[in-house]
2 protein chains.
Amino acid sequence: MMNNVGDFLKTNGIKPSYQRIKIYEYLMNTKDHPTVESIYSALNGQIPTLSKTTVYNTLKIFIDKGIAMAITIDDNEVRFDAFIDTHGHFKCQECHRVYDFHVNFEGAIGDQLDDFQILEQQMFFYGICRSCNEKS
Amino acid sequence: MMNNVGDFLKTNGIKPSYQRIKIYEYLMNTKDHPTVESIYSALNGQIPTLSKTTVYNTLKIFIDKGIAMAITIDDNEVRFDAFIDTHGHFKCQECHRVYDFHVNFEGAIGDQLDDFQILEQQMFFYGICRSCNEKS
DNA sequence: TTATCAGTTTGTAATGATTACAAACTAAAA
DNA sequence: TTTTAGTTTGTAATCATTACAAACTGATAA
């Protein structure tokens, strides 16, 4: 049986080392937009020699190759996401969870930036999520 | 003649010290979304004793009181803006300038977050601006 | 005027995420 | 087996931000 994630990395010009496969798998399977810290902690059990520098390097490669994106929704923690189709993020200021939502970027800005070459789009909302609203 | 900025700060519950007035004036008159570093450098001539800590403290107060906003369009530099009506920002990856544009947030997301309490909205675009496009 | 007091400013030290760098390691090719 | 390019690792350096305590300011009360 062949390794799907390994092939996927190869297709995107990334040599599929054990660490890179594990990090990408974690990113794919974890929907809560993990930070470098949480990726490192989660994988340190399986890969005891893992270095935090490797996590930084690997995520940088993923972003350069376009298979992951950085989400700087908070200035003191960069989060990462393997879902790269443009979508928005809502951060709850109570429980700190980050929710995804769909965005129609074209309708939001019209033709204001027609002469600009847009390479990346981010939309961040902040507030109180439904679940926290119901509690209070 | 009375000091408009001082009165404005007072109206918003901020004691109008010399430093606070100067920092707010600079923020108002500077349209390029300055960083703490650039605010500090710009004012250090007029206020030789100015401390960078004061700039940090003052901006935090402005944000808490709702008369300025932080723009984390880049993870290694927080920028500040005295125009607090919600609008989007485009960052040119060539010249690093940050442009403002108007955003229709409602149209962009529909009713997906109807049970969420939205307190702040940010839209960040990244790419090459018109002026840099024309050069190449 | 002087004393008091709360709030503001300042400089230094601490924090903590990220980056730089060089050595150790790996795996494939020669 | 040797070589080589690329990868991983750990430590040290960097740099923005925060913590903290001392010095300062300006208003109020005695």
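Note on naming: letters A, B, ... go to the chains in the order of the sequence lines (proteins, then strands), and numbering restarts at 1 for each one.
Relative orientation of the A:Phe124 and A:His89 rings is tilted, given thresholds of 30° and 60° on the angle between their planes.
With a 4.5 Å cut-off on side-chain heavy atoms, A:Ile67 and A:Ile14 count as touching. A:Val55 places a side-chain heavy atom less than 4.5 Å from the side chain of A:Ile23.
A sub-4.0 Å separation between OP1 or OP2 of C:dT10 and a side-chain N or O of B:Thr54 is present.
Judged as a ring-ring contact (aromatic ring centres under 6.0 Å, His included), and not counting sequence neighbours, the contacts of A:Tyr24 are A:Phe8, A:Phe62.
Atom CD1 in B:Ile23 sits about 13 Å away from atom P in C:dT8, given to the nearest Å. Here the P atom of nucleotide D:dA5 and the NZ atom of A:Lys15 are 12 Å apart, to the nearest Å. Nucleotide D:dT7 holds its P atom 15 Å from the CG atom of A:Leu59, rounded to whole Å. A:Asp74 has its CG atom 16 Å from the P atom of C:dG16, to the nearest Å. Atom OH in B:Tyr24 sits about 18 Å away from atom P in C:dT8, given to the nearest Å. Between the C1' atom of C:dT8 and the CD1 atom of B:Ile21 lies a distance of 13 Å, rounded to the nearest Å. Atom CZ in B:Arg20 sits roughly 14 Å away from atom C1' in C:dT10 (whole-Å rounding). Going from atom OH of A:Tyr18 over to atom P of C:dA27 covers 13 Å, rounded to whole Å.
For residues 78-93 of chain A, the pairs satisfying salt bridge (Lys or Arg N to Asp or Glu O under 4.0 Å) are A:Asp74-A:Lys91, A:Glu77-A:Arg79, A:Glu77-A:Lys91, with sequence neighbours left out.
Looking at A:Ser38, its side chain does come within 3.5 Å of a backbone N or O of A:Thr35 through a donor-acceptor pair.
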Across nucleotides 10-25 of chain D, 5' to 3', mark each nucleotide with B, S or - according to how protein heavy atoms within less than 4.0 Å reach it.
BB----SBBBB-----

